[in-house]
Each structure stands twice: as structure tokens, then as C-alpha cells.
J.: 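Pasting in a structure now, in C-alpha cells, and then I'll have a few things to ask.
Side chains included, hydrogens not; waters and symmetry mates left out as well; all remaining heavy atoms used. Here the structure is a predicted model, which means the values were calculated and not measured.
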Amino acid sequence: MQSADAGDWQDHIDPLTRRLLIAVGLLQGVILYLLLERLPDTTPYALQFVFLSLSIGLPWMLTGVAQDLRDSRLWLLTGCYGLVLALVAAYTGGQCGSAPPGNCGREIVFPFIVTQTLCWCLSTIVLRALLEQRHGVPAYPLLFKYSWHNFFVVLLTCTYLALFWIVLLLGAWLFRTVEIDLFWKTLQEPWFILPVSGAVIAYSATVVRQRLAIVTILYRVLHTIIGGLLPMLAFISICFLMVLPFTGLQPLWDTRISAFILLWLAAFLLFFTNASVQYGSDQSQTAVWRPIIRTALLALPVFLLLAGYALWLRIDQYGLTSDRVWGVIVCLIAGGYAVCYALAIALRRERWTNYLGRINTSMLGVVIAVLALSNTPFLYIQKIVAGNQIERLLSGTTSFNRFDLDYLMHNLGKPGNTALAELVNDARFKALAHADELAAAIAQSNAEIWIENLSVQDYISPIPKGLRAPEKLYAALRGELRPCMENTCHLLQLPLKKNVVNFVLVTVKYGYISGAVYQEIAGRWDVTGYIYADDEGDMDNFIAALENNDIRVVEPEWNNIQIGDTRLQIR
């Protein structure tokens, strides 16, 4: 079975349905305005999340899949989607607290927005295929067709919306030049922005869905481009693996972003393969390149094992964070694709593409399930992170000096606060040093109390070790305490200028070197310059040179410092 040809794609929308969808978009904007501007501040976060999620998700779902609003199956499928979305939103909002003021920071809001946006994109594909097929599990050619169709609909809709507002702003600016500010002020009002944007999104989406020629042309162009890039990417991947035995893994780990690089490589290889290799046929590439592409896919699990090991090194050293948990999840999902592709190639060779449909359809269900469960009690990332950070403290893996109370208290919402409350009552906690100070900060829900009780000297290591800095300088460095809790900080005393005592704070974080120069002026220590490295070079060599006091001021350029082989400039 061949994948659906782009030339056969059709998406006919009933004329009445199209007009109603535009009206729904306009109504969506009005509802959003009322929710954002008129909803009482005392409304519990759980209800806020439900209202906002449904007012955004349901109209967009209808705009993305509806062909005839009189179709009862459309309302059944959309209703099921809305029910799941409401339950997920209610649970996530509940993790912020019962009502404002609550703890609903970036670690809760941002992951929810990203996961639900991805869920909407993938669910739209499945729902459109179900509406067309009418019964049974959607066939892979339909999922393939609508995945690309939806991609271009979203892309062109965003482009149209951006151009629409650029034109409006340009017109308003022109009137403003002749001292007519009415249009400029109107364009800044939420009561105008939200309804108009909602109607424009609905209008442009329905127009693009019916313009099959645009989608067909764009698909063929992109298919051609990616088809040319896939062999190059496969060749680069194979060459990289071939040089690893000679270079070793240490240079890769020294980048401190090795997992990030490897996961992106795997993502591009999987995306390019699905975009250019046709389902049921391995003839989209020349005979010369087909073995290279298959070899790269066979080696893909190795890349993901390296990415997983790089993630494990960071987790073992610093513990779990939301980003690292998501990194593990992405690594496992990509690993599922990679292993299935590799097995299909190893067992079926040239006929491996016959299994593309089965693999991609199954993994699509897995991805949607993981995205949905990540905002439920079954797989709530913030709860996992909070539990891990607390356990590391109790086990002694994380010292009190490195325990980030502010992160648990103000970023992880209810799971963080619950974990801290359980920590205070844990017998192991009461036996630890500084437990009373930490318990007092937790009781007052004020991480700053804990930070104020910490000693700056515990987080900033002097070079050489016997160096004594003025107490007033340490008072000035207290503002750097929070960054130094998360990274490695060293304090140097260097003669950067004649007859002037300068202290230099060097911060090393994730392979990046930064810092500041402090000088005493009128009895107080202030920052007089900042440092950065043109090329950090080998981080292990830099750290070793720093700790061994292999430091000198470069003459005559007083604003340069040499630490080992690394040159630091001061500006």
C-alpha cells in the first residue's frame, strides 16, 4: 500500500460550516477577553485552567477538523477531546493551589501549554482520519496525509495572522504620523485583539484547508528538499560514529549539551526518513544512498543510548529537574522509534518500509498517551522531580549548601510544597545539620530566609585556598549566592591595574565561563567589569588550571586573564 499522494488530498468544507467556524472564532475571542479581563481574581486556578483550555482548545479543534457541523460524529469526537482536556486542565490547575495567590510558576504553566498544544496537533490528525474513514483504526495513509496537511495549515495560518497584524499596525502607524491615534490605541486593546485574531485564525485555516493546490505544491517542494538532505544527514551520522572510537566520548561530554545535540540529530533523522521514504516503498532514494540511509537508521539506537547516558550523568550529579525528566521521556520515545526501525530493517531489509505504517501508528498512540498522562497523577513530572530532590537531600547526595529550596517552594507548585511538608516530618531530616534553619524557612514559605542564613563563603571558593577577602566584599557577593548555588564559583585576587586591588568572581556553568570584576570605590565594593571567554576550550583543563592557581595577568593588556590555555577578556 502506498502513502497517499499529495495530489489526492481533499478537504471540502461545507459553505455554511465555514461561515459558522469564522463566527466561532470571533466568539472564542470574546470569551477569552471576558475570561482574562473579567474573571474574578479569587477564582481557583483549577477553574481558570479549565475555562481557558476549553475556550482555546475546542474552537481550534473544530476549526481544524470540521467539514460539516451537522455531522454527529464530529461532536462526539470533539466532546471526548474536550472532556479529557477539561480533566487534565483541572488537575494541572489544582497543582497551583486552591486559589490565588498560588504557586503556578513556569514549571507548571509552560509544560502544560506545550504538552496540550502537541496533543491538539496530534489529536487533530487522528480525528480527521477517523471522520474520513468512519470506522476502525485510522489507516496509516490517512494519518500521513493529514499530518502534512495540518502542518501546512498551521504554518500558513500563522503566516497569514502575522501579515494581517503587520498590515494593520502599518496602517495605524501611518495615521499616527498625522496625529490620529484612534487606530493605534484600538490595536492595543484586548477587546479588539482577541476577537479579531480568533476570527482571522478561523478564516485563514478554513481557506488554507480548501486550497489544495497550495498544500500540494508546498508538500512536493519540501519532500524534494528533505529527500536531498536525508542522504547527507545519514552520511554525517555514520561518519560521526566511526570517529568516536578514536576520539573517545570525553570531548562529547565536555560540551555539557551532548544529550541535546544527539536528541536533535535523532529527531532530524527520524523526521527526514518519514518525510522522504514512502510507505511500502524504498525507492525514493537512489540505489547508492539507500544502503547508507538504512545503515544510519540501524545505528540510530546507538545515538540514543549515548544521549541517555549523557542525561544519566547529569541526573546522577545534580538530580532530576523537569527539563531532565522530559529529556528522558523524549529519549525513550525516540528510542522506541529507533529500535522498531532498526528491527524492521534488520529483519526485512529492502521491504522494511512495509512496517512503517504499523510502527508510526503505534508510536503515535504512545506519544499522545504520554503527553496526556504527563498532566495527570499517573505521570506528573513535578511530583517526580520534587520527590527526587528531597530524597537526594535526605540521603546526603545533595548537601545543604546545594539544596535549592527556592526551586521546590516557588517553581514546582503543590507537589513541591507537599514534598517540603513531608520533609520536615521525616526522622532522617531531623538528624541532619542545619535542619532547624531550613524548617523555619519552610514554615514561613520564604526561601529568602534560608538563603540569608547561608554563608557566602560556602559557595564561593577562594583561589588559592588561603585567600582572605574583605567582609564587605562578601556582603556584595551575596547577590551572586543564588547562581553560585547552582554552579561553581571561584574568587581570585589579581593586579589588573597598578595600585588597585581587584577581585574576580569566576562562574563555571554547563561549559560556559562568566564572571565579574569587583573593585573598592569610596568604601564599597562594586562591579567594574565583566569577563567572558572567547573560547572555553577543554573545560577539564580550565578547571584544573584554576584550582592549581595557574593564573596570570596578560601584559600589557591588563584586561585579559590567562587561566591555563584559556584567555578571559574583561569589558
Side-chain angles (χ1 to χ4, degrees), residues 91-92 94-97 103-108 110-112 115 253 256 259 307-332 370 373-451 453-455 458-459 481-488 509-510:
Y91 178 79
T92 305
Q95 302 311 299
C96 300
N103 180 1
C104 206
R106 182 186 66 86
E107 295 287 337
I108 293 179
F110 182 72
F112 177 76
T115 55
W253 305 149
R256 307 296 178 97
Y309 183 65
L311 280 170
W312 167 249
L313 291 176
R314 302 301 295 173
I315 292 171
D316 183 58
Q317 187 175 7
Y318 297 105
L320 289 176
T321 62
S322 296
D323 293 341
R324 291 177 192 136
V325 174
W326 276 113
V328 172
I329 292 174
V330 171
C331 194
L332 290 174
V370 169
L373 290 174
S374 65
N375 293 287
T376 68
F378 304 103
L379 184 65
Y380 198 61
I381 307 300
Q382 287 72 18
K383 185 175 182 180
I384 296 173
V385 171
N388 175 260
Q389 292 293 332
I390 294 296
E391 185 58 36
R392 286 175 63 88
L393 175 66
L394 293 175
S395 64
T397 306
T398 298
S399 66
F400 269 93
N401 290 343
R402 295 295 173 184
F403 181 63
D404 195 346
L405 175 62
D406 184 71
Y407 178 69
L408 271 77
M409 186 175 290
H410 296 140
N411 290 86
L412 295 182
K414 187 176 178 180
N417 294 325
T418 301
L420 289 173
E422 295 174 351
L423 169 67
V424 175
N425 297 320
D426 194 298
R428 292 178 294 171
F429 171 74
K430 297 177 181 179
L432 296 176
H434 305 291
D436 293 339
E437 295 94 328
L438 182 55
I442 294 173
Q444 297 184 47
S445 299
N446 190 346
E448 295 301 325
I449 295 177
W450 168 244
I451 294 174
N453 287 328
L454 298 176
S455 172
D458 290 338
Y459 296 91
L481 185 57
R482 193 181 300 277
C484 290
M485 291 174 66
E486 302 172 358
N487 307 289
T488 303
K509 51 184 177 182
Y510 299 107

J.: How close do Arg392 and Ile315 get, heavy atom to heavy atom, and via which atoms?
T.: NH1-O, 3.5 Å
J.: Using atom types as modelled, flag every donor-acceptor pair under 3.5 Å from a side chain in residues 380-388 to any protein atom, sequence neighbours excluded.
T.:
unit_1 : atom_1 : unit_2 : atom_2 : d
Gln382 : NE2    : Glu107 : O      : 2.3
Asn388 : OD1    : Leu320 : N      : 2.8

J.: Taking the side chain as every heavy atom from C-beta outward, state whether Trp326 and Thr115 have any atom pair closer than 4.5 Å.
T.: yes
J.: Would you compute the distance between atom CD of Gln389 and atom CG of Leu405 and round it to the nearest 0.5 angstrom?
T.: 11.5 Å
J.: Excluding sequence neighbours, so at least two apart, what forms side chain to side chain contact (heavy atoms under 4.5 Å, CB included) with Leu311?
T.: Ala259, Val328, Cys331
J.: Do the side chains of Leu423 and Leu408 get nearer than 4.5 Å, heavy atoms only?
T.: no
J.: Counting N and O atoms only, with roles assigned by atom type, does the side chain of Thr376 sit under 3.5 Å from a partner on the main chain of Leu373, one being a donor and the other an acceptor?
T.: yes
J.: Looking at Met409, Glu422, Gln95, which hits side-chain contact (heavy atoms from CB on, under 4.5 Å) with Asn417?
T.: Met409
J.: Who pairs with Asp426 by salt bridge (Lys or Arg N to Asp or Glu O under 4.0 Å), at least two apart in sequence or on another chain?
T.: Arg428
J.: Return yes when atom OH of Tyr309 has more than 12 non-hydrogen atoms of other residues, nucleotides or ligands closer than 6.0 Å, and no otherwise.
T.: no
J.: Compare all side-chain heavy atoms of Ile390 with those of Phe403 and state whether any distance is below 4.5 angstrom.
T.: yes
J.: To the nearest 0.5 angstrom, please state how far the CG atom of Leu393 sits from the CG atom of Asp404.
T.: 11.5 Å
